[in-house]
Amino acid sequence: MTSVLAGSSAAGAVPSAATPIKLRVENLGISFQRDGVLMPVLGDINLEVRDGEFVCLLGPSGCGKSTLLNAMAGFLQPTSGQVLVDGEAVRGPDPRRIFVFQERGVFPWLTVAGNIGFGLGKLSREERAKRVQHYVQMVGLEGFESSYPHELSGGMKQRVEVARALAVNPDVMFLDEPFGALDSITRMIMRGELLQIWQAERKTILFVTHDIDEAVQLADRVVVLSARPGRIQRIVNVDLPHPRDISSARYLELRDGILAEVGLAHRI
Amino acid sequence: MFAAALLAAWQLAVSLHPHQLMPGPWKTAQGIADLFPHGLIAKYIIASVFRVTWGFFLAVLLAIPLGLAIGWYQRAELAVNPILQILRPISPLAWIPIAILWFGVGDMAAIFLIFIGCFLPLLLAVIDAVRAVPAVYINAGRNFGLKPVALMRRVLYPAIVPRLMTGLRITLGIAWLVVVAAEMIAVNSGLGFLIVDARNAGNRYDLVVAGMVIIGVVGLLLDYGVRSLERTSSLRWGFEEKR
């Protein structure tokens, strides 16, 4: 099994070793106080993410992958260890690193344009309008600029949130099961759109999912977490060029390898 | 139909007890008609609405920012909460002597009473609403670099508006209740004064009930005014079915 997963990073999409490290997680541990008892959620996480890399955090629900993402984004102080971005310790949330929640994060009191322009308070009116228009187009919401979120479908709301994040031009984007609440067809479409955006804008992306196919379709590397307390069980290089053929032998091999890694090989 | 049946029952009950002073709907309608030509009724309605407006808006203006701050800083809430809980069960009418002591008989006393009656329920409504704001909105706001004051203005405040509207409706109802009571004692104009005056000036119970009807109608219109705000497009999200 090991040989299958030890794929070398050959394809152009994978940043080479020369690319600088964007985000580094050092000996990170997180425990929650529950009824006076300290419950370890994550233990001894070490991870390096290169600039422009697309990394998926994969694991069963409750393994702490969302907790890890929240700690990386600065919403959660780690119990031990630290997170470094550009060599600087993360002390809190920062507009250079935007967290995309499921579509619930869209502000329901603002229009589509208002949401996308939310983080652009410092720009002049014209510049903001231009930037908003650019990202409205990028996520295909032309004609819905003055619609309110409750008038949109789940997929459209998710597009609004991705556009709102992109509009402030962050270096890093954290996505926490962003497509989890969408139907499977919309989810497939959204994955394709996210990949196009990532290839155009070259953000560093950390993407939490419990969907193995999603991880193998999107990521340069898949970080497989074990059940609680979450530890990094294995890191899998996905050496497939984009666009990925999801019925190719290598794709299936990688997917089955990860399935075996989480203990579910070819069986239901 | 139902209203007509009620009116008929009212008329019937009054005609069965002819020695009571209670007027029937017909006499009440005449009473209302009597009030109009004098122009007094318009003056009284304006006087009452004027007091409610001032008392209510002062309360809104103070309660919203204070409630946002108290709801946001949990420690402030711990400090303030016991005081609020002690003040809350005190009827605004219990403040009437103090209002007259501080402001004398006049508009200021009535406005003060309305303010007292509105401020606490509104403050508590805002604090509760802030606590119910989903963490995703706050986290998203912080993520875009908002400092506490901007966060309150751009995230916390809009997020509580739908709940706030409900609080405003209830509070405006309280204000309208309080103004009538306040006018019976602390001033000599307004709809509350009309009722007391009509009784004192020769047991004109037709005018008393006429005053009550007018109070009811104006209260209904005020409530309708606040409710129509709920239909604003930017607010409608809070009133749609929650998923």
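Lettering follows sequence order; numbering is per chain, from 1. Predicted model only: the values in this text are computed from it and were never measured.
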Parallel, tilted or perpendicular, as decided by the 30° and 60° cut-offs, for the rings of A/Phe99 and A/Phe101: tilted
Contact list for residues 64-78 of chain A, test side-chain hydrogen bond (donor to acceptor under 3.5 Å, both in side chains), sequence neighbours left out: A/Ser66-A/Asp176
Set of residues satisfying ring-ring contact (aromatic ring centres under 6.0 Å, His included) with respect to A/Phe207, sequence neighbours excluded: A/Phe54, A/Phe179
Region of B/Ala159 that comes under 4.5 Å of a non-hydrogen atom in chain A: both
Which atoms of A/Arg164 approach chain B - backbone, side chain, both or neither, heavy atom under 4.5 Å: both
Greatest number of heavy atom pairs closer than 4.5 Å to chain B - which of A/Ile98, A/Val100, A/Thr111: A/Ile98
Plane angle bin for B/Phe103 and B/Phe112 - parallel if under 30°, tilted between 30 and 60°, otherwise perpendicular: tilted
